[in-house]
**Student:** 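Got a structure here, written out as structure tokens. Questions coming.
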Amino acid sequence: MNAPSPNLLGSLLELAVSTHSTLLGRAVHALILRTHDIPLSSFLCNHLVNMYSKLDRLNSAELLLSLTNPRTVVTWTSLISGCVHNRRFTSAFLHFSNMRRESVLPNDFTFPCVFKASGSLHMPFTGKQLHALALKGGNILDVFVGCSAFDMYSKTGLRVEARNMFEEMPHRNLATWNAYISNAVQDGRCLDAVAAFKKFLCVGGEPNAITFCVFLNACADMVSLELGIQVHGFIVRSRYREDVSVSNGLIDFYGKCGDIVSSEMVFSRIGCGRRNVVSWCSMLAALVQNHEEERACTVFLKAREEVEPTDFMISSVLSACAELGGLELGRSVHALAVRACVEENLFVGSALVDLYGKCGSIEKAEQVFREMPEKNLVTWNAMIGGYAHLGDVDMALSLFEEMSSFGIAPNYVTLVSVLSACSRAGAVERGLHIFESMRGRYGIEPGAEHYACIVDLLGRSGLVDRAYEFIKRMPILPTISVWGALLGSCKMHGKTKLGKIAAEKLFQLDPDDSGNHVVFSNMLASAGRWEEATIVRKEMRDIGIKKNVGYSWVAVKNRVHVFQAKDSSHEKNSEIQAMLAKLRGEMKKAGYVPDTNLSLFDLEEEEKASEVWYHSEKIALAFGLIALPHGMPIRITKNLRICADCHSAIKFISKIVGREIIVRDNNRFHHFKNGWCSCKDYWGLGADVPFTSMGILRQLVLLGSSALDGGIAYFLVVEGGQLLMMSQQGVLIQGWEMCRKCFMGNSAAAASELYQGVSSKDRINQQLEWLWMIQSWKRWRGSI
DNA sequence: TTAGGGTTAG
């Protein structure tokens with residue numbers, strides 16, 4: 001056999017790089033060693049160094065470099081560029097200085113790499129030294145070098161140097177202008193970006209896909225829908241009409257401007273064949289940004305049919321889950337993250353901490369937080385927010401201190417969490433102290449959310465009048481949340497007169513919200529002012545505000561059982577009623593008195609007691625007690641807030657039956673155990689907006705814990721009251737029994753059928769999947 | 001005849 005030519009081998013190594021295949025790279029390396037004499041030529045060595053460093057196999061690349069003779073600037077630049085490519089900027093500098101130690105001079109290819117490294121590491125002084133070196137060698141005149149130096153100055157915040165660099169450039173090309181516009185946008189100088197774009201067009205420049213994307217970002221940041229629409233028109237007339245990345249930029253732009261309909265239009269225009277993972281992510285992010293979390297989850301499930309999940313996609317959908325309180329879907333997405341090896345990603349990790357914190361699984365949030373190799377402010381905020389959610393002021397404050405000891409400065413969001421933790425825990429003095437030191441100590445101007453926290457803090461602790469005085473002295477206009485906090489406190493402490501003031505402000509600011517009307521009428525009702533309460537209810541009806549219908553549901557085996565108030569339609573109704581009667585007797589003995597304040601009509605006491613007694617969450621709980629094995633926690637979900645009576649009743653029941661009961665309402669989680677609730681009797685005073693429609697109930701995704709064990713996610717989808725199982729690609733698994741068999745390890749055929757729905761890009765991937773499968777099965781068997 | 005700049009999503 002003739003030895004393959006160096007050119008052919010070089011091309012094969014390039015192929016290995018472009019397909020991210022270390023396997024191919026190593027195979028070609030082996031072929032080279034078999035067919036070529038040692039020492040290898042510099043040409044082949046350079047290719048090998050490049051291949052290994054691009055594929056992030058730095059040890060191999062360094063070893064190859066040490067064997068290369070002579071080592072030229074090409075050898076070194078191959079290694080350095082690979083480091084930069086894999087964001088190993090410090091290694092890039094290490095090799096750069098090793099190169100200089102061998103007296104090898106950097107060239108026009110080396111400088112862009114090291115400029116990028118210093119820009120990314122925010123090292124302006126190193127950047128300046130490099131600039132001096134590039135001036136001395138004359139490399140700065142090169143358009144690539146000049147552009148990357150300009151980019152470095154922009155990214156390290158040296159605006160004057162950046163501008164000088166741009167103005168002194170002998171040549172500018174499309175990339176230079178793109179870099180200019182992009183940095184202007186990132187710097188918040190959007191008008192400058194627009195001016196540059198116009199100037200670029202004036203000097204006869206022809207924009208490309210990147211120019212459009214970057215420019216659309218400027219439009220989105222200025223929320224200039226009009227300008228963006230003009231650019232859209234421009235794009236439609238250009239040859240970038242069909243360009244996927246430009247379309248993705250448009251989806252993002254419309255999403256940021258709140259025009260979700262246009263985002264969807266652009267998305268659907270791309271079509272199935274051409275849309276890529278970024279298209280899906282942009283669409284997903286646009287929905288999340290516009291608070292369409294349920295649709296975002298649906299889009300995510302559809303995206304899974306076409307593309308492999310990325311860290312971007314997973315973190316976006318996790319934030320949708322967190323907003324919805326969708327612990328089950330969130331857990332299955334966590335499993336996907338493990339499988340996709342992105343669970344350590346900064347954004348994914350932060351989103352997981354946020355999800356578990358918001359869903360009340362604080363131990364899980366702590367675990368993810370502790371295990372994250374890298375944290376940023378968002379991560380810390382998510383964890384502090386988790387403690388705030390629980391009302392654990394001590395943990396929230398100690399983490400806040402710890403964060404400062406790591407040299408991380410808090411921001412607006414951090415202080416909202418810290419203050420809300422104080423208010424939930426009734427830590428009035430500490431809360432006020434932190435609020436007063438916001439400007440001086442942390443340099444943060446208090447915003448509406450901070451004021452709302454303080455109103456809540458004062459009001460909740462009974463200082464309702466002081467809270468009102470505080471509002472009157474506010475330097476900014478009080479928002480819905482500020483008045484909402486006051487109304488809630490008034491209801492809590494029976495301050496009807498002040499409550500009326502707050503309610504009237506709320507009706508002005510947010511006339512369509514049913515929650516405010518409900519809280520107000522309930523406040524009047526609990527003060528015995530039934531006539532006025534009835535008037536508010538009538539007003540609500542007259543202007544067409546309806547109180548949302550409450551549902552509670554509980555999952556038992558492979559079915560979700562949904563209940564409404566006074567529901568008697570369930571097939572086990574007689575057993576449910578018997579259970580309720582039994583509980584009622586035992587609770588009465590334990591000292592339970594029905595809290596009828598929240599039953600909404602002017603009824604006799606006896607009738608009111610029975611109204612609250614038949615709330616949907618109590619019926620769901622009674623059913624759970626009948627249907628779920630003893631010792632198993634009962635998880636109930638409710639689309640509205642849990643009422644005070646049910647909250648008190650479930651505390652009693654948790655002690656009587658010795659069971660853990662977890663109720664997830666539209667606002668938060670309640671973890672009942674031995675007569676106590678994790679919320680410490682606080683569950684927010686927010687509006688009574690249902691967190692989920694019945695639509696999502698059908699889409700509700702549940703997940704058995706076994707799936708998390710092996711990092712394999714199956715979606716259990718509720719459809720028509722039946723639980724169905726779906727693979728990650730959205731393929732329906734026929735028969736729950738088969739899946740069970742598969743986990744029992746009884747049927748290899750069932751397992752392989754299950755796996756038909758899972759795409760395997762190459763054999764290695766498939767083997768890994770099988771490995772996961774076997775491991776999870778072993779772990780599952782070990783646990784029973 | 002091997003190495004390079006600007007890049008849409010959170």
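All of these numbers come straight from a predicted model, not from anything done at the bench. Numbered from 1 within each chain, the chains take letters A, B, ... in sequence-line order.
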**Student:** May I ask you to say whether A:Asp151 pairs ionically with A:Lys116, meaning some side-chain N is under 4.0 Å from a carboxylate O?
**Tutor:** no

**Student:** What nucleic acid atoms does A:Lys155 come within less than 4.0 Å of, heavy atoms only: base, sugar-phosphate, or nothing?
**Tutor:** nothing

**Student:** Under 4.0 Å, counting only non-hydrogen atoms across every strand here, what does A:Ser315 touch: a base, just sugar-phosphate, or nothing?
**Tutor:** base

**Student:** Please tell me which of the listed nucleotides, B:dA3, B:dA9, B:dG5, lies nearest to the side chain of A:Thr77?
**Tutor:** B:dA3

**Student:** Using ring centroids (six-membered ring only for Trp), state whether A:Trp177 and A:Phe166 fall under 6.0 Å.
**Tutor:** yes

**Student:** May I have the distance from A:Phe212 (atom CZ) to B:dT8 (atom P), rounded to whole angstrom?
**Tutor:** 16 Å

**Student:** What's the CG-P distance between A:Leu105 and B:dA3, to the nearest Å?
**Tutor:** 21 Å

**Student:** Scan A:Asp354 against the nucleic acid and name what it touches under 4.0 Å (heavy atoms): base, sugar-phosphate only, or nothing.
**Tutor:** nothing

**Student:** Among B:dT8, B:dG4, B:dT2, find the nucleotide with the atom closest to the side chain of A:Phe144.
**Tutor:** B:dG4

**Student:** Which whole-number value in Å describes the distance from A:Asn46 CG to B:dG4 P?
**Tutor:** 12 Å

**Student:** Should A:Arg57 and A:Glu62 count as an ion pair when the cut-off is N to O under 4.0 Å?
**Tutor:** no

**Student:** So A:Val143, base contact, sugar-phosphate only, or nothing? Heavy-atom distance under 4.0 Å.
**Tutor:** base

**Student:** Would you mind telling me which of B:dG6, B:dA9, B:dA3 lies closest to the side-chain atoms of A:Ser78?
**Tutor:** B:dA3

**Student:** Starting from P on B:dT2, measure out to NE2 on A:His29 and report it in whole angstrom.
**Tutor:** 20 Å

**Student:** How is A:Leu346 classified with respect to the nucleic acid when contacts are heavy atoms under 4.0 Å: base, sugar-phosphate, or nothing?
**Tutor:** nothing

**Student:** Quick one: which of B:dG5, B:dA3, B:dT7 gets closest to the side chain of A:Gln186?
**Tutor:** B:dT7

**Student:** Look at the side chain of A:Asn173 and the base of B:dG5, then say whether one donor and one acceptor between them are separated by less than 3.5 Å.
**Tutor:** yes

**Student:** OH of A:Tyr180 versus P of B:dG6: gap in Å, rounded?
**Tutor:** 17 Å

**Student:** Considering only B:dG4, B:dG6, B:dA9, which nucleotide approaches the side chain of A:Asp108 most closely?
**Tutor:** B:dG4

**Student:** Kindly indicate whether the side chain of A:Asp142 and the base of B:dG4 share any N or O donor-acceptor pair separated by less than 3.5 Å?
**Tutor:** yes

**Student:** Where the side chain of A:Asn107 is concerned, which of B:dA3, B:dT8, B:dG4 is the nearest nucleotide?
**Tutor:** B:dA3

**Student:** Is the distance between the ring centroids of A:Trp76 and A:Phe96 less than 6.0 Å?
**Tutor:** no

**Student:** Could you tell me how far apart A:Leu12 (CG) and B:dT2 (P) are, to the nearest whole angstrom?
**Tutor:** 15 Å

**Student:** Can you tell which of B:dA9, B:dG5, B:dT7 lies closest to the side chain of A:Ile210?
**Tutor:** B:dT7

**Student:** Which listed nucleotide (B:dG5, B:dG6, B:dA9) is nearest to the side chain of A:Val278?
**Tutor:** B:dA9

**Student:** Would you call the rings of A:Tyr254 and A:His232 parallel, tilted or perpendicular, where under 30° means parallel and over 60° means perpendicular?
**Tutor:** tilted

**Student:** Contact list please: residues 112-136 of chain A against DNA chain B, heavy atoms, distance less than 4.0 Å, in numerical order.
**Tutor:** A:Pro112, A:Lys116

**Student:** Should A:Phe312 be counted as stacked on B:dA9, where stacking needs a ring-centre gap under 5.5 Å and an angle between planes under 30 degrees?
**Tutor:** yes

**Student:** When you measure from the side-chain N and O atoms of A:Asn217 to the phosphate of B:dA9, is any distance below 4.0 Å, counting only OP1 and OP2?
**Tutor:** yes

**Student:** For B:dT7 and A:Ser182 - does any side-chain N or O of the residue sit under 4.0 Å from the phosphate oxygens OP1/OP2?
**Tutor:** yes

**Student:** Return the value, rounded to whole Å, for the distance between atom CG of A:Asn248 and atom P of B:dT7.
**Tutor:** 16 Å

**Student:** Using the side-chain heavy atoms of A:Ala179, tell me which of these nucleotides is nearest: B:dG6, B:dT2, B:dG4.
**Tutor:** B:dG6

**Student:** Indicate yes or no: does A:Arg269 engage A:Glu264 in a salt bridge with an N to O separation below 4.0 Å.
**Tutor:** no

**Student:** Does CZ belonging to A:Arg274 count more than 12 external heavy atoms closer than 6.0 Å?
**Tutor:** yes

**Student:** Keeping A:Asp187 on the side-chain end and A:Arg189 on the backbone end, is there a donor-acceptor pair under 3.5 Å?
**Tutor:** no

**Student:** Would you tell me if any nitrogen or oxygen in the side chain of A:Lys256 comes within less than 4.0 Å of OP1 or OP2 on B:dA9?
**Tutor:** yes

**Student:** Indicate whether any N or O donor in one side chain lies under 3.5 Å from an N or O acceptor in the other, for A:Thr211 and A:Asn178.
**Tutor:** yes

**Student:** Whole angstroms only, please: what is the CD1-P distance between A:Ile80 and B:dA3?
**Tutor:** 15 Å

